[in-house]
Participant: 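Pasting a structure below so you can have a look.
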Amino acid sequence: MSQPLLSDMIVNVASVPHRSPFRYPGGKTWLIPRIRDWLRNLDKPAKELIEPFAGGGIVGLTAAFEKLVCHVTLVELDDQVASVWQTIFSDDVDWLITKIGDFDCTLDAVIEEIGKRPRSTRHKAFQTILKNRTYHGGILAPGSAPTKHGENGKGISSRWYPTTLQRRLRDIASVREQISFIQGDGLDVMTHYEDRNDIAYFVDPPYTAAGKKAGRRLYNCFELDHERLFSICEQAQGDFLMTYDDSEGVKKLADIHHFETAVVAMQNTHLAKMKELLIGRNREPPRPHGRGF
């Protein structure tokens with residue numbers, strides 16, 4: 001793992017361009033400077049970046065906008081999130097941009113709109129963005145509800161920035177020839193491409209390993225065979241970078257597969273300092289004990 005990833009410096013997320021239309025639980029804006037360093041310092045430059053658990057897609061979007069790779073593939077299983085990416089990468093993006101600009105974001109209007117049965121993929125995409133922007137923490141999972149007080153007491157529209165959202169959608173649409181989207185199982189996609197050595201994988205799975213419950217509360221698709229994921233990463237011919245909750249169970253999995261780990265500093269949405277675990281391929285021969293430092 002390259003030296004910049006071992007830095008304990010906390011990234012100022014305000015310094016990183018916000019590309020995604022989502023407010024995403026567990027978003028990785030804070031990691032972008034280290035992603036740049038990782039992709040630029042690979043032993044073999046990657047032609048393609050695959051995000052098997054794309055979510056808000058900030059890493060893949062940054063790689064496309066900054067031409068860190070030639071092509072990006074985003075993979076997402078969740079039907080709501082997938083509807084947004086499918087719409088953005090289609091001719092329906094113009095409809096979505098107009099719909100966002102026309103919507104009057106009041107509590108009654110949000111409740112009425114979210115309560116409708118979606119008539120199409122693009123309609124589901126609009127409902128998903130609306131819910132993501134007006135529900136507590138942007139959470140789409142069952143049990144989430146509209147925020148009442150909002151950011152700084154500004155109410156339900158406090159995170160509804162139609163002009164900003166429209167600009168982000170137009171920007172993404174402008175680079176859509178460089179991006180592919182797959183609705184499906186990220187592990188299956190990784191397995192399909194495991195023999196290619198010109199692919200890099202950024203792997204940000206839901207945090208349900210070692211009994212962690214955050215992923216179950218935050219995401220609709222939280223079930224994951226973490227042992228299978230580690231085995232796939234070990235077999236993959238391309239490079240990878242994984243990010244996980246810092247836990248002994250995950251570190252044990254990394255040991256078993258002879259991966260290198262680094263604990264890095266981050267801030268959560270409430271500006272509290274936290275630690276997160278980065279996992280990468282060991283650059284040295286496997287050791288009987290330890291994690292390759």
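Everything numeric here is computed off the predicted structure, so don't read it as measured data. By convention here, the first residue in the shown sequence is residue 1.
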Participant: Does the Arg281 side chain pair with the main chain of Gly238, one donor and one acceptor, at a distance under 3.5 Å?
Facilitator: yes
Participant: Determine whether the side chains of His71 and Ser180 contain a donor N or O and an acceptor N or O closer than 3.5 Å.
Facilitator: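 There is such a pair (donor and acceptor under 3.5 Å, judged by atom type) between the side chains of His71 and Ser180.
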Participant: Measure the shortest side-chain to side-chain distance between Glu51 and Leu74 over non-hydrogen atoms and say whether it is less than 4.5 angstrom.
Facilitator: yes
Participant: Would you say the side chain of Val250 lies within less than 4.5 Å of the side chain of Leu277, judging by non-hydrogen atoms?
Facilitator: yes
Participant: Can you tell me how far the CZ atom of Phe202 sits from the OG1 atom of Thr62, to the nearest 0.5 Å?
Facilitator: 10.0 Å
Participant: Donor-acceptor check, side chain of Asn132 to backbone of Gly138, threshold 3.5 angstrom: yes or no?
Facilitator: yes
Participant: Checking Trp85 side chain against Ile182 main chain: does a donor-acceptor pair fall under 3.5 Å?
Facilitator: no
Participant: Before giving the answer on side-chain contact (heavy atoms from CB on, under 4.5 Å), spell out for Thr29 and His18 the whole-Å C-alpha distance, their side-chain angles and the decisive distance to 0.1 Å.
Facilitator: CA-CA 7 Å; Thr29 302; His18 289 237; 4.1 Å; yes
Participant: Using ring pair (Phe, Tyr, Trp, His ring centres under 6.0 Å) as the criterion, point out the one residue from Phe259, Tyr201, Phe230 that pairs with Phe240.
Facilitator: Phe259
Participant: Could you check whether any side-chain heavy atom of Leu169 comes within less than 4.5 Å of a side-chain heavy atom of Leu96, counting everything from C-beta outward?
Facilitator: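 Yes, their side chains come closer than 4.5 Å.
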Participant: Donor-acceptor pair, distance only, cut-off 3.5 Å: does the side chain of Glu260 make one with the backbone of Gly280?
Facilitator: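 Answer holds: no.
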Participant: Between Val69 and Glu48, does a side-chain contact (heavy atoms from CB on, under 4.5 Å) hold up when you go through it step by step?
Facilitator: CA-CA 5 Å; Val69 293; Glu48 182 171 355; 5.7 Å; no
Participant: Can you tell me how far apart CD1 (Ile172) and CD1 (Ile179) are? Round to the nearest 0.5 Å.
Facilitator: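 Spacing of CD1 (Ile172) from CD1 (Ile179) equals 7.0 Å.
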Participant: Would you find more than 12 non-hydrogen atoms of other residues, nucleotides or ligands less than 6.0 Å from Glu227 atom CD?
Facilitator: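 For Glu227, atom CD is not crowded (no more than 12 foreign heavy atoms under 6.0 Å).
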Participant: Closest heavy-atom contact between Val75 and Gly184?
Facilitator: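 Taking Val75 first and Gly184 second, the nearest heavy atoms are CG1-O, 3.6 Å.
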Participant: In sequence, state the C-alpha distance, the side-chain angles, and the governing distance for Ile129 and Ile100, and then conclude on side-chain contact (heavy atoms from CB on, under 4.5 Å).
Facilitator: CA-CA 9 Å; Ile129 289 178; Ile100 288 171; 4.2 Å; yes
Participant: Nearest 0.5 Å, please: how far is CZ in Arg159 from CG in Leu165?
Facilitator: 11.5 Å
Participant: Taking only residues two or more places apart in sequence, or in another chain, which ones meet Lys99 in a side-chain hydrogen bond (donor to acceptor under 3.5 Å, both in side chains)?
Facilitator: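 Partners of Lys99 under the side-chain hydrogen bond (donor to acceptor under 3.5 Å, both in side chains) test: none.
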Participant: Output yes when a side-chain donor or acceptor of Arg168 lies under 3.5 Å from a complementary backbone atom of Arg19, and no otherwise.
Facilitator: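 No; zero donor-acceptor contacts below 3.5 Å.
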Participant: What distance separates Leu31 CG from Thr243 OG1, expressed to the nearest 0.5 Å?
Facilitator: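 It is 6.0 Å, given to the nearest 0.5 Å.
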Participant: Taking Glu194 for its side chain and Gln235 for its backbone only, find out whether a donor-acceptor pair lies under 3.5 Å.
Facilitator: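 No: the side chain of Glu194 does not pair with the backbone of Gln235.
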Participant: Taking the side chain as C-beta and beyond, is there a heavy-atom pair between Pro52 and Val203 under 4.5 Å?
Facilitator: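 Pro52 vs Val203: side chains touch.
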Participant: Does the side chain of Val72 reach to within under 4.5 Å of the side chain of Val175, using non-hydrogen atoms?
Facilitator: no
Participant: So does Leu140 get a backbone contact from the side chain of Ser144, meaning a donor-acceptor N/O pair under 3.5 Å?
Facilitator: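 No; zero donor-acceptor contacts below 3.5 Å.
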Participant: With a 3.5 Å distance limit and no angle check, can you tell me whether Gln183 reaches the backbone of Ala82 through a side-chain donor-acceptor pair?
Facilitator: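 It does not hold such a pair.
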Participant: Can the ring centres of Phe103 and Phe126 be said to be less than 6.0 Å apart?
Facilitator: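 Between Phe126 and Phe103, which both carry aromatic rings, the centre distance is below 6.0 Å.
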Participant: Taking only residues two or more places apart in sequence or in another chain, which ones pass ring pair (Phe, Tyr, Trp, His ring centres under 6.0 Å) with Phe53?
Facilitator: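 If we apply the ring pair (Phe, Tyr, Trp, His ring centres under 6.0 Å) test to Phe53, skipping adjacent residues, there are no hits.
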Participant: Test your reading of the model: is there a side-chain donor-acceptor pair from Glu66 to the backbone of Leu68, 3.5 Å cut-off?
Facilitator: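 No, the answer is negative, given that no donor and acceptor are paired below the 3.5 Å cut-off.
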Participant: Answer whether the closest heavy-atom distance between the side chains of Ile58 and Phe22 falls below 4.5 Å.
Facilitator: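 Ile58 does not reach Phe22 side chain to side chain.
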Participant: May I have the step-by-step check of side-chain contact (heavy atoms from CB on, under 4.5 Å) for Ile232 and Arg228, ending in yes or no?
Facilitator: CA-CA 6 Å; Ile232 291 172; Arg228 183 186 172 209; 3.7 Å; yes
Participant: Between Thr87 and Ala125, is there a donor-acceptor pair closer than 3.5 Å when you use the side chain of the first and the backbone of the second?
Facilitator: no
Participant: Side-chain donor-acceptor pairs under 3.5 Å in residues 109-117, sequence neighbours left out?
Facilitator:
{"from": "Glu113", "atom 1": "OE1", "to": "Lys116", "atom 2": "NZ", "distance (Å)": "3.4"}
{"from": "Glu113", "atom 1": "OE2", "to": "His123", "atom 2": "NE2", "distance (Å)": "2.7"}

Participant: Determine whether Glu276 and Lys28 make a side-chain contact, defined as any pair of heavy atoms from C-beta on separated by less than 4.5 Å.
Facilitator: yes
Participant: Please examine the side chains of Asp171 and Phe65, heavy atoms only from C-beta on, and report whether any two atoms are closer than 4.5 Å.
Facilitator: yes
Participant: Between Arg122 and Asp91, does the salt bridge (Lys or Arg N to Asp or Glu O under 4.0 Å) criterion hold? Intermediate values first, please.
Facilitator: CA-CA 10 Å; Arg122 68 184 190 181; Asp91 293 338; over 6 Å; no
